[in-house]
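Counting starts at 1 for both ligands and their atoms, in listed order.
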Amino acid sequence: MADSAETQELVYLVTGGCGFLGEHVVRMLLQREPRLRELRIFDLHLGPWLEELKTGPVQVTAIQGDVTQAHEVAAAVAGAHVVIHTAGLVDVFGKTSPETIHEVNVQGTQNVIEACVQTGTRFLIYTSSMEVVGPNIKGQPFYRGNENTPYEAVHRHPYPCSKALAEQLVLEANGREVLGGLPLVTCALRPTGIYGEGHQIMRDFYHQGLRLGGRLFRAIPASVEHGRVYVGNVAWMHVLVARELEHRAALMGGQVYFCYDNSPYKSYEDFNMEFLGPCGLRLVGTRPLMPYWLLVLLAALNTLLQWLLRPLMLYAPLLNPYTLAVANTTFTVSTDKARRHFGYEPLFSWEESRTRTIRWVQTVEGSA
Ligand SMILES: NC(=O)c1ccc[n+]([C@@H]2O[C@H](COP(=O)([O-])OP(=O)(O)OC[C@H]3O[C@@H](n4cnc5c(N)ncnc54)[C@H](O)[C@@H]3O)[C@@H](O)[C@H]2O)c1
Ligand SMILES: CC(C)CCC[C@@H](C)[C@H]1CC[C@H]2[C@@H]3[C@H](O)C=C4C[C@@H](O)CC[C@]4(C)[C@H]3CC[C@]12C
């Protein structure tokens, strides 16, 4: 992309632009990418909030489409300078079949890659995930690791498997010739557990606490560290990579970067309480209130119930064998690769991230 900080000439496409992360990427681009002429938002489910974005200087084009449909993807990609591909099924609760997860997350990503090649789009940023690395099926901890830390990335669950395959497709596509003869430049960003305004699981925990009289009951040892990253900083990293990818193609092309900021390392439950506590909830117990084997049994029971009830209803509780294993395994990152490669610094401090998230929880329906 030519250096044209002043002129608005670039066309960006964000797939999954109406999702939790996608919406923040869309808003961040409109706020902090002065070269934008058109911003295309491609999603299976378009949000009503998009209308409010159409009053600004940037042409905002909402495209209702399905990444599993190659022709729809190609039509949306054609003419874009940059594609930020966040669309995906983030399903670790058994809501959809393994086949559907693969079709959306893997085949959908392949469709995006082929659309870039066929239409001449040269820059593709993929939202991968920490789960491409771990935690693995052996439950081995990943303690403050980085992009080069050796770790046996072995998965069985459809979601991490799909993210790993999709990431591999994106990285392997780096350097492919696109229409016009120039090379495709790709990279993948690996957020750890994202939190912030719009985080559905945080909302679920909040409602669960309200139902239990303002209390949540500790299930995971406080010593299990989870890496979390604020959604605004993840969005900022996507914007920054998109801006720097051309000028630093040789360094950044085909690379993966963990998404990180200054959010503290805590157990999943203790971290959530940073936001739910100020909103009136209390985490009962300094240690897990029930033995791990009982949690394993309950998780297995939930899987059985989900299977039995499937003909009648969707039963998809937070607790299942996979979510329990992930929750119970330390996974934290400590890296500065994004800073070294493209000058990333978190846009939001921990204090700002925390305040913004608390304010959002306070607006959640049913809040105390
Ligand atoms: N939430 C996290 O903690 C987290 C952490 C790491 C990585 N990620 C990754 O970030 C991305 C976004 O995750 P999220 O948490 O915002 O999820 P989300 O479910 O809120 O957003 C995903 C978006 O993709 C859209 N989508 C789903 N299937 C589609 C299809 N077939 N065609 C077009 N659009 C489709 C959905 O409508 C939704 O708007 C995903 O790729 C996910 O794997 C999320
Ligand atoms: C004891 C049980 C009730 C566990 C409840 C917490 C559980 C639902 C949480 C714990 C860890 C969470 C995952 C983690 O933050 C990272 C990711 C990667 C991302 O790509 C998708 C979301 C996911 C899987 C989180 C889902 C919710 C988990 C499992």
Would [X] and [Y] count as a cation-pi pair here, with the cationic atom under 6.0 angstrom from the ring centre and within 45° of the axis?
X	Y	answer
Lys266	Phe271	no
Arg190	Phe258	yes
Arg228	Tyr268	yes

So what's ligand 1 close to, N/O to N/O, under 3.5 Å?
{"residue": "ligand 1", "atom": "3 (O)", "partner": "Ile194", "partner atom": "N", "Å": "3.0"}
{"residue": "ligand 1", "atom": "16 (O)", "partner": "Phe20", "partner atom": "N", "Å": "3.3"}
{"residue": "ligand 1", "atom": "16 (O)", "partner": "Leu21", "partner atom": "N", "Å": "2.8"}
{"residue": "ligand 1", "atom": "20 (O)", "partner": "Phe20", "partner atom": "N", "Å": "2.9"}
{"residue": "ligand 1", "atom": "24 (O)", "partner": "Gly88", "partner atom": "N", "Å": "3.4"}
{"residue": "ligand 1", "atom": "31 (N)", "partner": "Asp66", "partner atom": "OD1", "Å": "2.8"}
{"residue": "ligand 1", "atom": "32 (N)", "partner": "Val67", "partner atom": "N", "Å": "2.9"}
{"residue": "ligand 1", "atom": "34 (N)", "partner": "Leu44", "partner atom": "N", "Å": "3.2"}
{"residue": "ligand 1", "atom": "37 (O)", "partner": "Asp43", "partner atom": "OD1", "Å": "2.6"}
{"residue": "ligand 1", "atom": "39 (O)", "partner": "Gly19", "partner atom": "N", "Å": "3.1"}
{"residue": "ligand 1", "atom": "39 (O)", "partner": "Asp43", "partner atom": "OD1", "Å": "3.3"}
{"residue": "ligand 1", "atom": "39 (O)", "partner": "Asp43", "partner atom": "OD2", "Å": "2.6"}
{"residue": "ligand 1", "atom": "41 (O)", "partner": "Thr86", "partner atom": "O", "Å": "3.0"}
{"residue": "ligand 1", "atom": "41 (O)", "partner": "Lys163", "partner atom": "NZ", "Å": "2.9"}
{"residue": "ligand 1", "atom": "43 (O)", "partner": "Tyr159", "partner atom": "OH", "Å": "2.6"}
{"residue": "ligand 1", "atom": "43 (O)", "partner": "Lys163", "partner atom": "NZ", "Å": "3.0"}

Greater than 12 external heavy atoms within 6.0 Å of Trp49's CH2
yes

Below 30° counts as parallel, above 60° as perpendicular, anything between as tilted: where do the rings of Phe348 and Tyr230 land?
perpendicular

The answer, listing residues by chain and number that come under 4.0 Å of ligand 2 through any heavy atom, is Val90, Val92, Ser129, Met130, Glu131, Tyr159, Gly193, Ile201, Phe205, Ile220, His226, Tyr268, Leu319, Thr323, Val326, Ala327

Distance col, row Ile125:CD1 vs Thr186:OG1, nearest 0.5 angstrom, shows 9.5 Å

So, Asn105 side chain and Gly88 main chain: donor-acceptor pair closer than 3.5 Å or not?
no

By the rule that ILVMFWY residues connect when side-chain heavy atoms come within less than 4.5 angstrom, directly or transitively, which residues belong alongside Leu295?
Ile220, Val224, Met290, Tyr292, Trp293, Leu294, Val296, Leu297, Leu298, Leu319, Leu324

Return the set of residues passing salt bridge (Lys or Arg N to Asp or Glu O under 4.0 Å) with Lys54 (not counting sequence neighbours), or none when no residue passes.
Glu51

